[in-house]
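Since the structure comes first, as structure tokens, the remarks are kept for the end.
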Number of protein chains: 2
Amino acid sequence: MATIGDVARVAGVSRSTASYALSGKRAISAAVRRRVEDAVRELGYTPNAGARALATSQTMVIGLLAQFLEDEFAPAMLQYMLGVSDTARELGYDILLSTEADGRNALRRMTDSRMVDGIVLLNVAEHDDRLPILRAAPQPGALVGLPADCTGVDVFDLDFEDAGRLMVDHLHRLGHRELVLVSQPEHVVERGGAYVWRLQNAAIEAARVRGISLHATFASSSQPDVARELGALLDAHPQATGLLVNNEAAAAALPTVLHARGLTAPADLSVVGRYSDEFARTFSLPYSSIESAPDRLGRMAVRELVRRIEGQAGPDEPHVVRFVSPELVDRGSTAAPREG
Amino acid sequence: MATIGDVARVAGVSRSTASYALSGKRAISAAVRRRVEDAVRELGYTPNAGARALATSQTMVIGLLAQFLEDEFAPAMLQYMLGVSDTARELGYDILLSTEADGRNALRRMTDSRMVDGIVLLNVAEHDDRLPILRAAPQPGALVGLPADCTGVDVFDLDFEDAGRLMVDHLHRLGHRELVLVSQPEHVVERGGAYVWRLQNAAIEAARVRGISLHATFASSSQPDVARELGALLDAHPQATGLLVNNEAAAAALPTVLHARGLTAPADLSVVGRYSDEFARTFSLPYSSIESAPDRLGRMAVRELVRRIEGQAGPDEPHVVRFVSPELVDRGSTAAPREG
DNA sequence: CTGAAAGCGCTTACAG
DNA sequence: CTGAAAGCGCTTACAG
């Protein structure tokens with residue numbers, strides 16, 4: 001494989017001149033630049049990434065920590081990954097991916113060995129055990145998901161509180177007075193999936209303020225349990241006219257569950273989910289939903305991370321915590337409740 | 001960040017001795033080894049990956065090229081990625097991920113700049129335009145998916161021909177005489193998705209040999225088109241008693257389609273899919289299916305790739321083309337056809 | 001069993 | 001506008 005030394009020799013210049021001609025970091029005569037460029041083409045030269053990283057302390061690689069936990073719905077995670085990956089590429093960065101369940105090892109390895117210039121953490125828990133490691137690392141970090149302590153990192157998340165309110169308000173406005181909210185599994189909450197109770201608490205509070213009743217429940221994130229649980233839930237609350245679903249697996253299972261019971265949305269039941277439009281299309285979900293904007297969140301996280309990496313963020317510009325406002329995508333699954 | 005020089009100084013030895021003490025590549029007195037190990041702990045030393053890569057020409061990174069094409073069903077791809085990623089980690093390698101639609105750029109970048117020790121190509125087309133680049137690269141490559149020309153790479157795939165035969169034979173044995181096969185979209189075939197026609201041709205031939213009729217068709221891989229098309233298909237072939245589905249999106253849409261038409265499998269229609277057990281669980285699909293074994297294929301590809309990278313494969317050991325035999329996972333969706 | 005030195009392939013002050 | 005040299009942090013022959 002050709003090195004910059006080969007290029008320099010073929011072009012008849014010094015290695016430093018060849019390097020500068022390629023980086024454009026100092027003035028080079030047109031003639032020399034031509035010769036260097038020709039040599040590059042002739043030799044098919046590409047800089048050695050490791051050597052460059054060693055010399056510049058920049059790898060042009062971003063570490064992406066995605067965890068595929070047993071009790072989580074994998075397809076939902078993929079969209080965040082793609083948002084991160086696509087944006088990184090646009091900005092000239094490659095992605096070093098870890099899918100290890102124990103993210104701490106991967107994080108330590110990537111940061112300590114200087115394989116990456118920055119880190120994106122996905123699926124951040126309230127007291128995420130990766131955060132202390134990330135804060136101690138020399139590289140900047142961006143999170144998708146809101147932890148209890150945001151110091152030292154940039155944080156991006158859907159405004160789940162607003163989402164909870166929006167869901168309740170929407171159905172309240174249509175005349176619903178009894179709702180059921182299905183959240184992620186309870187152990188997701190216990191593990192620190194803060195978004196679950198952020199949405200749930202806001203929904204409960206909104207219902208209280210509006211004077212309507214809301215049954216807040218959890219459901220599995222795996223099949224076929226979730227389908228069974230949804231059925232039991234509908235049995236348990238026959239008076240409920242609206243269903244709020246903050247659980248992708250439950251949303252994916254719902255068409256089958258409703259069909260099996262001979263129910264139609266919105267004629268028999270109004271339904272509002274919380275998932276992305278991409279997700280809705282993949283799973284053919286006909287329910288209106290709060291857009292969770294995984295691609296946008298991934299994009300925002302990478303943009304800010306790269307700003308920090310490249311020092312455009314200013315030496316001690318404070319870290320940001322930025323929420324995406326939930327938007328209700330209307331797919332026609334809500335209506336005024338049927339006359340009791 | 002501490003360097004090996006720091007470690008050497010603290011341990012009171014030379015840098016080479018520190019290095020050897022850590023790598024174990026030459027005999028070191030117990031006392032010196034202790035001192036070096038203590039220094040490492042004290043300083044929190046981790047080798048710089050770029051420097052090591054430069055010195056050894058080994059990055060301990062594997063490039064993973066996954067393409068998320070418009071007309072393909074993303075969740076199915078994820079499982080191959082996880083198989084590759086998990087196995088790589090077990091063997092001590094990290095994953096550099098590319099999701100670029102134009103994989104050639106990513107491939108060239110990774111290989112030319114020596115960011116990776118080897119490459120795994122996912123979703124390989126019959127005349128995959130990444131292959132010439134991969135063959136010309138100094139790093140070894142492993143494919144998941146069978147191209148027309150396998151020279152210079154290790155290839156792993158499901159035996160789709162066997163899968164097609166197995167589907168037909170299974171239903172034939174139960175007494176079915178008219179079947180419909182739903183494949184991936186036709187433009188997947190045109191783009192070179194060889195597995196589509198490998199399964200289809202084998203199914204057609206098996207049907208011919210058995211003297212039963214098989215209607216081979218294509219369907220979209222996106223919603224809601226695929227649901228509509230499935231409906232039209234069932235309308236067009238009212239005599240068919242068995243449905244073979246080689247299209248993940250169609251399989252995912254099928255429960256809704258059948259429910260809507262008041263059909264039940266296997267009472268009204270026997271159904272056999274071709275997807276992984278993981279996929280079946282994620283999408284709550286109740287159909288018997290040919291296991292597509294994405295995790296196993298990803299694992300096999302990485303194992304062989306690492307063997308080559310590490311030179312255990314022998315200098316000119318021939319490349320392998322290995323097929324996973326399809327197995328039918330019975331989920332109770334097939335039975336003897338209802339009396340005409 | 002250990003050390004001094006060269007080299008991997010870059011970039012970037014320093015000098016002219 | 002260009003070149004010679006140092007240095008990034010490792011590993012590994014070479015020498016003892």
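A, B, ... follow the sequence lines: proteins, then strands. Residue 1 opens every chain. Predicted model, so just to flag it, every value in this text is computed and none were measured.
- The residue A:S19 sits close to a base: some heavy atom pair falls under 4.0 Å.
- With a cut-off of 3.5 Å on both pairing distances, the Watson-Crick and G-U wobble pairs of DNA chain C assemble into stems of 3 or more at C:1-3 with D:14-16, C:5-12 with D:5-12, C:14-16 with D:1-3.
- With salt bridges taken as basic N to acidic carboxylate O contacts below 4.0 Å, none links A:D86 and A:R89.
- Salt bridge B:D154/B:R307: absent, no basic N to carboxylate O contact under 4.0 Å.
- Look at CG on B:L43: it is 15 Å from C1' on D:dG9, rounded to the nearest Å.
- Within the 3.5 Å criterion, the main-chain N or O of B:P47 finds no donor-acceptor partner in the side chain of A:S113.
- Atom pair B:D112:CG and C:dG9:C1' shows a separation of 15 Å (rounding to whole Å applied).
- As rounded to whole Å, 9 Å separates atom C1' of C:dC8 from atom CG of A:L54.
- The nearest whole Å value for the distance from the CE atom in A:M60 to the P atom in C:dT11 is 12 Å.
- Under a cut-off of 6.0 angstrom, the local environment of CZ in B:R296 is sparse, with at most 12 non-hydrogen atoms contributed by other residues, nucleotides or ligands.
- Within 6.0 Å of CZ on A:R26 lie more than 12 heavy atoms contributed by other residues, nucleotides or ligands.
- One interatomic measurement links the two molecules: CZ of A:R9 to P of C:dG9, which rounds to 13 Å at whole-angstrom precision.
- Neither side chain, B:T3 nor B:N48, offers a donor N or O lying under 3.5 Å from an acceptor on the other.
- With 3.5 Å as the limit, one finds no donor-acceptor pair spanning the side chains of A:R303 and A:T87.
- Atom NZ in A:K25 sits about 15 Å away from atom P in C:dC10, given to the nearest Å.
- Summarising the geometry, atom OG belonging to A:S292 is positioned 6.5 Å from atom CG belonging to A:L158; distances are rounded to the nearest 0.5 Å.
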| message | Return a single string for nucleotides 2-7 of chain C, one symbol per nucleotide in 5' to 3' order, where B is base contact, S is sugar-phosphate-only contact and - is none, cutoff 4.0 angstrom on heavy atoms. | response | BBB-BB
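- Using a 4.0 Å cut-off between charged nitrogen and carboxylate oxygen, A:R9 and A:D6 count as a salt-bridge pair.
- Taking atom CG on A:N48 and atom C1' on C:dG9, their separation rounds to 6 Å, with Å as the unit.
- One atom, CD1 of B:I4, and another, P of D:dT12, lie 11 Å apart when rounded to the nearest Å.
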